[in-house]
Structures are given as structure tokens and as C-alpha cells.
Amino acid sequence: MNEDRAYFIPQCFEGIVRHRVNVFPHKHDFQELVYCSAGKGLHHVGDKTFPISAGDVMFLPAGVDHLAEAISETLTLHVVYFSENSLGDIPSACDTTKAVTSCLTRRANEGNPIIELDASTRRRV
């Protein structure tokens, strides 16, 4: 992220990870929310590995090495890049975003990047 910019504009995209294609660990200076919509794989986060499959959601804090690896032929991920400043000058919304981001970052840094969802919420997501 460019340090001169006051706010980071969120970005969303669909990523397809193919089986047996080399992927390399990388990290960002922004947070990442990852939703798996199809396939099975492994998400390597720091020095831990987590199985992922359709319906799983993960939060990756800024600065953490990670990579996704497909076990099935393809792994479809929907990714949102964002920062605590993504909502701009909306004080109460920013306070909420910062509180949620802080909680998710703490959990991820403690080794739990998975966001647990019940069956009903998975269907809505």
C-alpha cells in the first residue's frame, strides 16, 4: 500500500488455484478475507497449514506469509483485500471495522485464521 494514500480502496477478485501448479508464499501490507466456493485445498499461513473446502472463510492479517494449494483439480477462492481505513471517514463504521479487524488479527496471530460459520450462515455466504 502506498504510504501517501490516506485510505486503501478494497479490492475483490476470484482466484482459481490449479492442482500441481507451483504457488509461492507471499504477504501483503493489507488484510485479506478469503472465501472458498469450490474445491479442496490447503492454505499455508505462517508455519501452519489448514485444510480448506467449499464454504470455508479465512482471515489473513497484513504481513503474514501465506499460499493456497489445490488438492482437487481446482480450488476457487473469492478474495477481498482491505485495510482498517477502507471505510474512509465514517467514524462509527471505522471503529467497528477496526474492532473486528483487531479481533480477527489477534485470532489469526494466535494460530486460528478460520472464521467458523454455522450451516445457515454458510448458505447465505
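Position 1 is the first residue of the sequence, and the numbers go up from there.
The one candidate from Ile115, Ile114, Val34 that meets the side chain to side chain contact (heavy atoms under 4.5 Å, CB included) condition with Val57 is Ile115.
Rounding to the nearest 0.5 Å places OG1 of Thr101 at 14.0 Å from CZ of Phe30. The line from OG of Ser102 to CZ of Arg106 is 8.0 Å long, rounded to the nearest 0.5 Å.
Residues Phe82 and Leu33 are in side-chain contact: their nearest non-hydrogen atoms beyond the backbone lie under 4.5 Å apart. Met58 has its side chain within reach of Phe50: a pair of non-hydrogen atoms, C-beta onward, lies under 4.5 Å apart. You'll find the side chain of Ile52 reaches within 4.5 Å of the side chain of Leu77, heavy atoms only. Side-chain contact between Phe24 and Leu67 is absent, with no heavy atoms from C-beta onward closer than 4.5 Å. You'll find the side chain of Leu75 reaches within 4.5 Å of the side chain of Cys36, heavy atoms only. Here the side chains of Lys27 and Val64 are not in contact, with every heavy-atom distance at 4.5 Å or above.
Between Ser53 and Lys40 the shortest heavy-atom distance is CB-CG, 4.0 Å. Scanning all heavy atoms of the two residues, the minimum distance from Pro51 to Asp56 falls at O-OD2, 3.9 Å. Closest approach of Gly39 and Ser72 over heavy atoms only: CA-OG, 3.3 Å.
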Exercise. Check the pair Thr76 / Val17 against side chain to side chain contact (heavy atoms under 4.5 Å, CB included), numbers first and verdict last.
Key: CA-CA 6 Å; Thr76 304; Val17 180; over 6 Å; no
Self-check item: Intermediate values then yes/no, side chain to side chain contact (heavy atoms under 4.5 Å, CB included), Arg18 and Thr74
Solution: CA-CA 5 Å; Arg18 305 217 181 275; Thr74 60; 3.0 Å; yes
Practice problem: Determine, step by step, whether Thr105 and Phe59 satisfy the side chain to side chain contact (heavy atoms under 4.5 Å, CB included) criterion, reporting the C-alpha distance in whole Å, the side-chain angles of both residues, the deciding distance to 0.1 Å, and the verdict. | Solution: CA-CA 8 Å; Thr105 298; Phe59 174 81; 3.4 Å; yes
Quiz prompt | Test side chain to side chain contact (heavy atoms under 4.5 Å, CB included) applied to Leu104 and Gln31, step by step | solution = CA-CA 10 Å; Leu104 291 173; Gln31 289 83 11; over 6 Å; no
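Side chains of His66 and His26: a donor-acceptor N/O pair is present below 3.5 angstrom, by distance only.
Side-chain heavy atoms closer than 4.5 Å link hydrophobic residues (I, L, V, M, F, W, Y) into clusters, and following such links, possibly through other members, connects Tyr35 to Leu117.
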